[in-house]
K.L.:
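Please find one structure pasted underneath; my questions will follow.
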Number of protein chains: 2
Amino acid sequence: MSNLNLPEAALSRLTVYQRALVELNDSGIKTVSSRELAEISGSNESKVRKDLSYLGSYGTRGVGYETERLIKEIGVVLGGSQPRPAVLVGIGNLGRALSQYEGFQVSGFPIVGLVDTDPNVVGETINGLKVKNLDQLEELVFQTSAVLGIVTTPAAAAQEVVDCLVEAGIRSILNFAPVVVDVVEEVEVRKVDLATELQILGYYDHLRKFD
Amino acid sequence: MSNLNLPEAALSRLTVYQRALVELNDSGIKTVSSRELAEISGSNESKVRKDLSYLGSYGTRGVGYETERLIKEIGVVLGGSQPRPAVLVGIGNLGRALSQYEGFQVSGFPIVGLVDTDPNVVGETINGLKVKNLDQLEELVFQTSAVLGIVTTPAAAAQEVVDCLVEAGIRSILNFAPVVVDVVEEVEVRKVDLATELQILGYYDHLRKFD
DNA sequence: TCGTGTGAATCACTTCACAGCT
DNA sequence: AGCTGTGAAGTGATTCACACGA
C-alpha cells in the first residue's frame, strides 16, 4: 500500500500545496485549477499537474481539482495527520528556542521530551517539560512513544546523540547541527543547515557586485 | 570576476566542504583526498572532484588537495568572509529564538536589528537590541548597513514584510514563514520550511510501515 | 601507483505539447 | 472552450571510467 514512488522533489512540493489548499478551503473555495494552485504555491502549472498525477487522477477536466478531496488525498500519501511525537536533544540556545516554537505542535509533531547532557540544564523545566539526561533517552522514548528526534546540539556532539536516538528506536531525525551524521540505512535524517543557507545568500549577494 | 557558473547543488556542498576543511586544517591535516573529504562531508568522491573542479585545478594528482589552499579558494568564491549584517523581522517565538542564536553571528551574519509590528513588542530589548517598528525599517537598514533580512513572521504577514525589506534596499532574504513570497528578480529569497521537513520525515516514517 | 580532472553515459526532474474528458 | 493527464523532449545534476600528471 501507498507505494507510488513519489519523487523527492514532488513530495516536498505536495506539502506546500496542501497548506495552500487548506487555506483555500478555509476561505470557502471549493475547486482550484493547476494554474491557480501553482500561482499561490510558487510553482508552475505543469509541475502541479505532474505532482498531483502521482497521487492518481483526482481532477476534473475542464474544471480543476476539488480542494477538499485533494487535501484528503495528499493527507493519505503524507501519512495521515496522526500526530508524531518528537524528542528534542540539545538544550542550547537554538534548542531552547525550538522547544518553545509552536510550529512543531501545529504541524502535528508535538515535542514531548527534552534531553541534554549538561548537569546544569538537566532537571530544568522548559514549557512544562523537565529536561532529562541523555542516558534516560531510551526510557523517555518508550514512555512518550516518540518517533521523531530533533537534534540541536553542537556539531561535536551530534553523532553521539544520533547514535543514542537510533539505539532508542527513533527512525526519523531532523538535524540542525552543522555536521553530517552517519546512520544505518533504515534511518532517515534530514538536515537543516542555517549556516549553509546564509552562505548561499552571501554568495549571490557577492555575485551581484560584479554584474 | 568570480563568474564561474557554479551549479546551485555544488554551491551548497562547497559550504559543507569548507566547514570540514577548516576542521581538518585545525587538527593539523595538511592534505586531503576527494575520497576522504567526501567521507566526512557526506558526499562521494566524484561529486567532490566535480564540485572542486568548478573552482579550478587546485589538486595534485596522486596526492590530493592542500586543505589550506582549498579553504582559501572556496572562501574567494563564496564571497570572502566579510560579515554581512542582518535584520530580523517578526518577534514571535521563532524570531525570539533565532535572535538569540549565536550561529548567525558565528557564520558572519550578525543580527543588528529587530523589527515587529505589535506595539506590545516594539520597544522591548532582546539581547541588547531594541525592537523597532516596521515603519522604521528603512532607517534601521540605513544605520546598520544591513544587507540580509530574516523573516520569522506568521505566514499572513510575510509578503508585506518582504516588500518592506526590498523597499528598504535588502536584496537577500531568508524566509522562515511557511508561505511563498513574490519578489522582483534581483532579490534572492531562500526558504527554510520546518513544517515541510517534518512532513517529509513523516512520509518516510509512514512508508516504512508498509515494507 | 595513486588520485585528480574531465568527457561521456546515466539518471532525475522539468517543461512541452496535445489527446481526451466535461 | 477549458483544463486535466501524460507521453515525449529537454535540461541539469550525478556517476562512470579512464587518460594523465606527480
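Only this structure's heavy atoms are used, side chains among them; waters, hydrogens and symmetry mates stay out. In this text, all values refer to a predicted model and were calculated from it rather than measured experimentally. A note on names: the letters A, B, ... follow the listed sequences, proteins ahead of strands, and every chain is numbered from 1.
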K.L.:
For DNA chain C, which residues of residues 38-45 of chain A approach it to below 4.0 angstrom with any heavy atom?
P.N.:
N44(A)
K.L.:
Report the distance from atom CG of D51(A) to atom C1' of dT14(C), rounded to the nearest whole Å.
P.N.:
10 Å
K.L.:
For S34(A) and R49(A), run side-chain hydrogen bond (donor to acceptor under 3.5 Å, both in side chains): C-alpha distance rounded to whole Å, both residues' side-chain angles, the deciding distance at 0.1 Å, then the answer.
P.N.:
CA-CA 6 Å; S34(A) 55; R49(A) 288 206 299 276; 3.2 Å; yes
K.L.:
Once rounded to the nearest 0.5 Å, what's the spacing between atom CD1 of I111(A) and atom CG of L88(A)?
P.N.:
5.0 Å
K.L.:
Hey, is E23(A) close enough to R19(A) for a salt bridge, meaning N to O under 4.0 Å?
P.N.:
no
K.L.:
OP1 or OP2 of dT4(C) less than 4.0 angstrom from a side-chain nitrogen or oxygen of S34(B), does that happen here?
P.N.:
yes
K.L.:
Where along residues 9-22 of chain A does a heavy atom fall under 4.0 Å from DNA chain C?
P.N.:
A9(A), R13(A)
K.L.:
Who are the side chain to side chain contact (heavy atoms under 4.5 Å, CB included) partners of F142(B), not counting sequence neighbours?
P.N.:
none
K.L.:
Side chain of S41(A), backbone of Y17(A): donor and acceptor closer than 3.5 Å?
P.N.:
no
K.L.:
Distance-only check: which donor-acceptor pairs under 3.5 Å involve side-chain atoms of residues 61-70 of chain B, not counting sequence neighbours?
P.N.:
residue: T67(B); atom: OG1; partner: N25(B); partner atom: OD1; Å: 3.1
residue: T67(B); atom: OG1; partner: I29(B); partner atom: O; Å: 2.9
residue: T67(B); atom: OG1; partner: K30(B); partner atom: O; Å: 3.3

K.L.:
Any side-chain N or O of Y54(A) under 4.0 Å from OP1/OP2 of dC13(C)?
P.N.:
no
K.L.:
Stepwise, does the side-chain hydrogen bond (donor to acceptor under 3.5 Å, both in side chains) test hold for Y203(A) with T15(B)?
P.N.:
CA-CA 10 Å; Y203(A) 170 74; T15(B) 70; over 6 Å; no
K.L.:
How close or far is atom C1' of dC11(C) from atom CG of N5(A), stated in whole angstroms?
P.N.:
13 Å
K.L.:
Just verifying a value: how many Å separate D163(A) CG and D182(A) CG, rounded to the nearest 0.5 Å?
P.N.:
8.5 Å
K.L.:
Can you tell me if Q159(A) uses its side chain to pair, donor with acceptor, with the backbone of A156(A) under 3.5 Å?
P.N.:
no
K.L.:
Output the rounded distance in Å from CG (L52(B)) to P (dT6(C)).
P.N.:
12 Å
K.L.:
Drop me the distance from L11(B)'s CG to L78(B)'s CG, to the nearest 0.5 angstrom.
P.N.:
6.5 Å
K.L.:
Any donor and acceptor pair, going by atom type alone, linking the side chain of R84(B) with main-chain N or O of L148(B) inside 3.5 Å?
P.N.:
no
K.L.:
Anything under 4.0 Å to a heavy atom of chain B counts; send over the first and last such nucleotide of DNA chain D, read 5' to 3'.
P.N.:
dA13(D) to dA22(D)
K.L.:
Once you round it to whole Å, what is the distance between P of dT6(C) and OH of Y58(B)?
P.N.:
12 Å
K.L.:
Note the angle between the end axes of the helix from dT1(C)-dA22(D) to dT22(C)-dA1(D), five pairs defining each, rounded to 10 degrees.
P.N.:
0°
K.L.:
Provide, to the nearest angstrom, the distance between the CZ atom belonging to R35(B) and the C1' atom belonging to dG5(C).
P.N.:
16 Å
K.L.:
Under 3.5 Å, is there a donor-acceptor pair between the side chain of N175(A) and the main chain of V179(A)?
P.N.:
yes
K.L.:
Rounded to whole Å, please give me the gap between CZ in R49(A) and P in dG20(C).
P.N.:
16 Å
K.L.:
Distance-only, no hydrogens or angles: does the R13(A) side chain make a donor-acceptor pair with backbone N or O of E8(A) under 3.5 Å?
P.N.:
no
